[in-house]
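First comes the structure, then the notes that go with it.
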Amino acid sequence: MIIVSAGLFKDCGRCFKSSSIVGAGLGDTLAYHHTYKINQVSFSSSIPSSSYCRATLSITMEEAKQTFDVDKAAVLVKELRKAFTSGKTKSYEWRMSQLESISKMIDEKEKEIIEALHKDLSKPELEAFVSEISMTKSSCKLALKELKHWMMPKKVETSMATYPSSAEIVSEPLGVVLVISTWNFPFLLSLDPVIGAIAAGNAVVLKPSEIAPATSSLLSRLLVEYADESAIRVVEGAVVETSALLEQKWDKIFFTGGARVGHIVMTAAAKHLTPVTLELGGKCPVLVDSNVDLQVTARRIVAGKWACNNGQACIGVDYIITTKDFATKLIGALRSVLEECFGKDPMESKDRSRIVNSFHFMRLVNLLDEDKVSDKIVVGGQRDRSQLQIAPTILLDVPEDSLIMQEEIFGPLLPIMTVEKLEDAFDMINRKPKALAAYLFSDDEQIKRKFVQNVSAGGIAINDTILQLAVPTLPFGGVGESGMGSYHGKFSFDAFSHNKAVLYRSFAGESPTRYPPYTPGKQKQMKALISGDVFNIMLALLGWFKN
Amino acid sequence: MEGSIAGVRETFKSGRTRSVAWRKNQLRAVIDLINENEQTIYKVLHQDLGKDPAESYRDEMGVILKSANYALSCLDKWVAPKKAELPLVFFPAKGEVLPEPLGVVLIFSSWNFPISLALDPLIGAISAGNAVVLKPSELAPACLSFFIETFPLYLDNKAVKVIGGAADVGERLLELKWDKIFFTGSPRVGRLVMTAAARHLTPVTLELGGKCPAVVDAFASPSKTKVIAKRIAGGKWGLCSGQACIAVDYLLVEEKFASTLIELLKKNIKRFYGGNLGDLKCISRIANKHHFERIYHLLEDPHVAASIVHGGSADEERLIIEPTILLNPPLDSEIMTEEIFGPLLPIITLNNIEESIEFINSRPKPLVIYAFTEDGTFKKRILSETSSGTVTFNDVMVQFVCDSLPFGGVGQSGFGRYHGKYSFDTFSHEKAVLHRAFFPELEPRYPPWNDFKLRFIKLAYRFDYFGLILLLLGLKKP
């Protein structure tokens, strides 16, 4: 099973692996499976998982837990569908009560959440608070505040062609939905979509990531305690459990993770014609102009890289592009900000998350140790396998065909690429798959405009990093390789709703034009009617209409 | 083919299709293509489906002219970035949502409305600034040739291409990487399309069909009942002879009203389409032999045949099936489990019209639910207790021409939507853009972390500005 996950998913850690302890021993082997092609491989439960299980530990764990198989998954979905069909999740009161309860849960269990995040990722308390607890809380509060408004049918105008009529758009829940989340922000990325699903009136199953086991088990425990168990469930587990879930028919699948598993999720969804939202990642570039406030720029880059789960974030800074002459200055500034933030010896700092597990640690070490890359390190480079830490590392001018510039880094390494002119950077960015985010630091209005117009990415922030995530009025989601569909704020509600078109007609306003037998006169009237030109309609009715 | 599609991608990369002027030119070209070829279009539609010119204009050309004109008049508004409100903590900052084209998109259209179901999504794709490859159905061959001949004469041939061919060509197209696939057709092919799209993580819109019921409840006044019968008879048989994804598939009616309704429907059939099979007019034919046999086969089940109360005859030569009404065919027969997609209309009787909700809910979600009723409570129940792409009260089909309403399915009837602004959105990525200034800087954003920073952030998240000031002045108690 370990092999399956490593082979299948290059950035797999974000997805499926049976246990981090097991992963550690196999890290070295795993890293070399990157190039496996997985198009044809599915999660089909017909693959006997035991044949892939080299590590006995995972087998015993599974036996102890009793595997969650296809049959169990089917029973689960059936129960939830029953709850959904009963109509209770549709009511405003139910949605409010569940959201209130989750909000209460976040308040009451803050300490436990912070502890779990520390266990899984050594996440500093403040970071845990800022990027997970607060974000989830504000998302919940916004839903509580706006729900009535979101649920209201929206009146729309109707045209001449259907006169007299009125029309509206009614939001209705999709049904029973599946949320598969990931390990890097295991609390936020699990509950944020779940909040959207509940707000929209769905029954929901959450499958948190087994790579963050403490948070996964905490979520499983807390939701039983705080949420309506008949309609909101957590299924813990790895590949086997997820495969079993994906076999079922869902009304929507919301997936956060790597592109490889994204393929598998979408293929499974196709079988049942289930719509999907895929929140993937990508290499998010930062373009730095030479006219910027150096200190502020450096700090905001540090905030968006190392102070954000130590670079393990889908919208985290992946690499920098700047001009040749400015690179040295920027490196100097980054170095001094790093010292300000993490002290003289960053390996000792408690203010950075660790690398999630050995597999990812080895993956990152491999990126650094590639021949054409290892001599490009200008800052950092230290690593400590026992602590799963790598120092904030900056590399200058690594070759574009190196692994570190091809793969999403997802860790504390930061390559800086240099160009002659800033405009050359657009090409470099557009040559790569579309990223989830793109950042620009510049004081030049023209460059800003060009950047916004020409760089395609899920979202863009000018003169800052990652903050766009925290704005509920902006849709959050990818494009191209970085995913499809969006959420946050009202967009979350919409992601889990069907917008039903409703047209009300009366029995009056019957026009013979519509009906056969057709005559040339009727055809003229029809033309006028469709054109929506009142004057022409009058003429046509009077028989004076000319072509 | 692969080469010419690579060329289309080059065109998109050149940025030409992004300019609003290009988009408007192409939209005008679509309008010209329709207007200047009116007679040819009547001819090809008649060849492929036996459509009457009035029907062709109403359901195909008119729809396209309306859509293209609407897009032209709204385009400037659609492409403009939308301001997003930001919380004060971000000050000074500006948020906006900027629509951008997805890239090179593939449109599969179907044969029943070969002109409008091809050009309507195309209008959306062009409005949004994409390069487009259109693969029309090979089952409407005359319309397909018409596209192949006229597209290069009107549209930018480097950015908008039409590809002819059958299933094998479709498969080859699906091997390629697209930035969006828009598919109109059956759930079976929809699955194949989505599976292929998953390989390249391509977003898809699936416009499928389903059995669209019409619930008939308003029998209070005879004049209204007459209107109902007229609208159903016009909508069921008048639009491509029932071969429409939004066509009424079956009727649900209270037992005591069934005979009245059947009599009125018969009368209207006679008035609209003529007496018997030989002199039927103003009605499309069945697309081809395969579909003719499929539909006719639905009637061959003896229990189903026994339930025919009107029509039932067919002319294999001319591929015409008479408007046919059936009363209570068995619910487990194919005619009641499969989408009919033809001129057969089963009527299912219920003791109480409220039972229709359960009847509908025990089947896959349809693209549309039609309901003829004046009972406000019943309307509300239908809205909140059933699920479908659209609900139309007291009429059939007309929702299709409402630009302000999203058109699309849910569940088995598909996902994604289009028409009007929704067509533009379907082919756009909504790019979130946040503009920030370099100052002021909030210290608490940066490590090393300490208690002051934690408290600051807690207050900021609560938007407790007063608390923040107190904290900054050192006056706030923990």
Side-chain angles (χ1 to χ4, degrees), chain A residues 39 124 126 129-130 134 138 156-159 161-162 167 170 172 259 262-263 266-267 270-271 273 275 293 296 299 303 307 341-342 351 452 456 459-464 467-468 471 473-475 479 481 484 498-507 510 514-518 522-523 526 530, chain B residues 52 54 57-58 62 66 84-86 95 97-98 100 187 190-191 194-195 198-199 201 203 224 227 230 234 238 272-273 281-282 383 387 390-395 398-399 401-406 410 412 415 429-438 441 445-449 453-454 457 461:
Chain A
N39 292 349
L126 194 132
F129 185 82
V130 175
S134 298
S138 30
V156 296
E157 298 207 339
T158 54
S159 69
T162 57
V170 178
E172 65 174 34
H263 289 290
M266 192 171 168
T267 309
K271 203 162 37 171
L273 294 171
D293 181 297
V296 173
R299 297 182 81 180
C341 290
F342 305 111
D351 290 331
V452 169
S456 181
I460 283 179
I462 305 291
N463 293 335
D464 215 321
L467 230 51
Q468 77 275 18
V471 182
T473 44
L474 290 178
V479 59
E481 283 79 351
M484 59 182 87
H498 163 56
N499 282 336
K500 182 153 79 175
V502 184
L503 181 67
Y504 297 87
R505 283 267 290 153
S506 76
F507 291 102
E510 195 57 356
R514 291 170 61 182
Y515 303 109
Y518 304 117
K522 280 187 185 173
Q523 185 153 356
M526 208 135 56
I530 286 173
Chain B
D52 189 278
Y57 192 89
R58 183 193 58 198
K66 173 198 63 68
E85 271 180 44
L86 298 182
V97 178
L98 186 72
E100 66 172 29
R191 273 185 204 100
M194 189 173 171
T195 309
R199 213 169 333 162
L201 292 174
K224 282 175 186 162
V227 173
K230 220 167 136 183
F272 293 164
Y273 312 103
K281 56 182 173 11
C282 300
L383 273 191
S387 181
T390 304
V391 177
T392 299
F393 287 109
N394 298 331
D395 210 331
V398 288
Q399 75 278 7
V401 293
C402 272
D403 292 310
S404 53
L405 284 177
V410 61
Q412 291 302 291
F415 56 81
H429 163 57
E430 293 204 307
K431 184 158 74 176
V433 183
L434 180 67
H435 297 265
R436 287 264 293 154
F438 286 103
E441 266 290 85
R445 277 181 68 188
Y446 308 103
W449 306 127
K453 291 181 181 177
L454 180 61
I457 284 168
Y461 261 109

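In what follows, chains are A, B, ... by sequence order, proteins preceding strands, each numbered from 1.
- For a residue to count as touching a neighbouring chain, one of its non-hydrogen atoms must lie under 4.5 Å from one of that chain's; by this rule B:Y273 touches chain A with the side chain only.
- Looking at B:H429, the atoms closer than 4.5 Å to chain A (heavy atoms on both sides) all sit in the side chain, from C-beta outward.
- Residue B:F415 touches chain A through its side chain alone, counting heavy-atom pairs closer than 4.5 Å.
- Looking at A:S138, only its side chain comes within 4.5 Å of chain B, counting heavy atoms on both sides.
- Your options are A:A461, A:P275, A:G459, and the one with the most heavy-atom pairs under 4.5 Å with chain B is A:P275.
- Looking at B:T390 and A:L503, their side chains never come closer than 4.5 Å, going by heavy atoms from C-beta outward.
- Heavy atoms closer than 4.5 Å to chain B are found in the side chain of A:M484, but not in its backbone.
- A distance of 10.5 Å separates CG of A:L467 from CG of A:L474, quoted to the nearest 0.5 Å.
- For A:N463, the side chain to side chain donor-acceptor pair (under 3.5 Å) test picks out no residue, with sequence neighbours left out.
- Contacts between B:E100 and chain A at a heavy-atom distance below 4.5 Å involve the side chain alone, from C-beta outward.
- Proximity to chain A is limited to the side chain of B:L98, based on heavy atoms less than 4.5 angstrom apart.
- The residue among B:V391, B:T195, B:V97 with the most heavy atom pairs within less than 4.5 Å of chain A is B:V391.
- Side-chain N/O atoms of A:E157 and B:S404 include no donor and acceptor closer than 3.5 Å.
- A 4.5 Å side-chain heavy-atom check between B:C282 and B:F272 finds every atom pair outside the cut-off.
- In this structure, CD on A:Q468 lies 6.5 Å from CG on B:L434, to the nearest 0.5 angstrom.
- Counting heavy atoms from C-beta outward, A:L273 and B:P187 have side chains that approach closer than 4.5 Å.
- Comparing A:C341, A:G262, A:A303 by how many heavy-atom pairs each has under 4.5 Å with chain B, the most go to A:C341.
- Looking only at heavy-atom pairs under 4.5 Å with chain B, the residue among A:T473, A:V170, A:V156 that has the most is A:T473.
- B:K224 pairs by the salt bridge (Lys or Arg N to Asp or Glu O under 4.0 Å) definition with B:E374, not counting sequence neighbours.
- Both the backbone and the side chain of B:K431 come within contact range of chain A, each with at least one heavy atom under 4.5 Å from a heavy atom of that chain.
- Contacts with chain B were tallied for A:E481, A:E172, A:K271, A:R299; A:R299 has the most, counting heavy-atom pairs under 4.5 Å.
- Contact between B:W449 and A:P124 at its shortest, heavy atoms only, is CD1-CB, 3.6 Å.
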